[in-house]
Amino acid sequence: AAQPATAAKAPASGMQAARLGLMNLVGDWSMEMWSLTGDGRKLEGAGTVEGVAVGDYAVNLTIREFAAPEMPNAKGGGTIQLTLHPERGLSLTSKLRATDEELRLSGQFQSGNYVFYLIGGGAETITGAQRSSFRLEFKPVNQDAWVVETYSSVDGRTARIQSANLTRR
């Protein structure tokens with residue numbers, strides 16, 4: 001009887017780690033990021049993000065300020081909600097005011113990282129990069145820093161098309 005009880009606890013501890021990690025996103029963050037354009041140029045931007053817990057299994061990230069000199073449409077911020085579904089894994093919903101487009105992603109907690117894949121089609125990013133094989137990864141560095149990276153297919157291979165560093169304020 002002891003063996004099945006131990007096996008039953010293993011997924012819960014992974015779930016607990018995923019939940020606690022998400023809750024670490026609660027607080028105020030500075031964000032520095034870059035995005036590749038469809039023609040391969042790197043555009044940079046910076047802003048602030050506020051993370052607020054929504055119950056025990058979700059975090060809303062609100063981009064309060066954002067400025068990118070070469071991306072004037074990127075102003076105005078937006079929201080991202082990360083939710084841990086105990087039986088189904090992770091989901092992410094993103095709505096940026098610059099595009100007024102809602103993106104939905106489904107994901108998993110893998111080796112301490114939150115990995116999401118785009119649900120459905122997805123034309124282009126605001127900078128013109130294709131979303132055909134979109135993957136988004138939230139990676140905790142420590143209690144006060146996260147890296148958020150976006151990958152997509154570029155010329156038949158997977159390439160990082162966007163990276164953001166979040167640092168606790």
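Computed from heavy atoms alone, side chains included, the values below leave out hydrogens, waters and symmetry copies.
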Validation: residues 21-29 side-chain donor-acceptor distances under 3.5 Å, sequence neighbours left out:
| from | atom 1 | to | atom 2 | distance (Å) |
| --- | --- | --- | --- | --- |
| N24 | OD1 | R168 | NH2 | 3.0 |
| W29 | NE1 | L25 | O | 2.9 |

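- Cluster partners of V141 are V147, counting Ile, Leu, Val, Met, Phe, Trp and Tyr whose side-chain heavy atoms approach within less than 4.5 Å, directly or via other members.
- Nearest heavy atoms, K139 versus Y151: NZ-OH, 3.7 Å.
- Taking OG of S94 as the start and CG of L118 as the end, the distance is 10.0 Å to the nearest 0.5 Å.
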Please tabulate, for the side chains in residues 86-93, all donor-acceptor contacts under 3.5 angstrom to protein atoms that are two or more places apart in sequence or on a different chain.
| from | atom 1 | to | atom 2 | distance (Å) |
| --- | --- | --- | --- | --- |
| R88 | NH2 | H85 | ND1 | 2.9 |
| S91 | OG | H85 | NE2 | 2.8 |

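- A pairwise comparison of heavy atoms in I63 and M31 identifies CG2-CE, 4.2 Å as the closest pair.
- For the side chain to side chain contact (heavy atoms under 4.5 Å, CB included) with W146, the lone residue among T167, N165, L166 that qualifies is L166.
- Remark: K42 does not engage E44 in a salt bridge, criterion side-chain N to carboxylate O under 4.0 Å.
- A distance of 9.0 Å separates CD of E149 from CZ of R135, quoted to the nearest 0.5 Å.
- Between Y114 and F109, the ring planes lie tilted relative to each other; the angle falls in the 30° to 60° range.
- A pairwise comparison of heavy atoms in L105 and I119 identifies C-CD1, 3.9 Å as the closest pair.
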Test log, rule side-chain contact (heavy atoms from CB on, under 4.5 Å), inputs V52 and T62: CA-CA 8 Å; V52 176; T62 301; over 6 Å; no

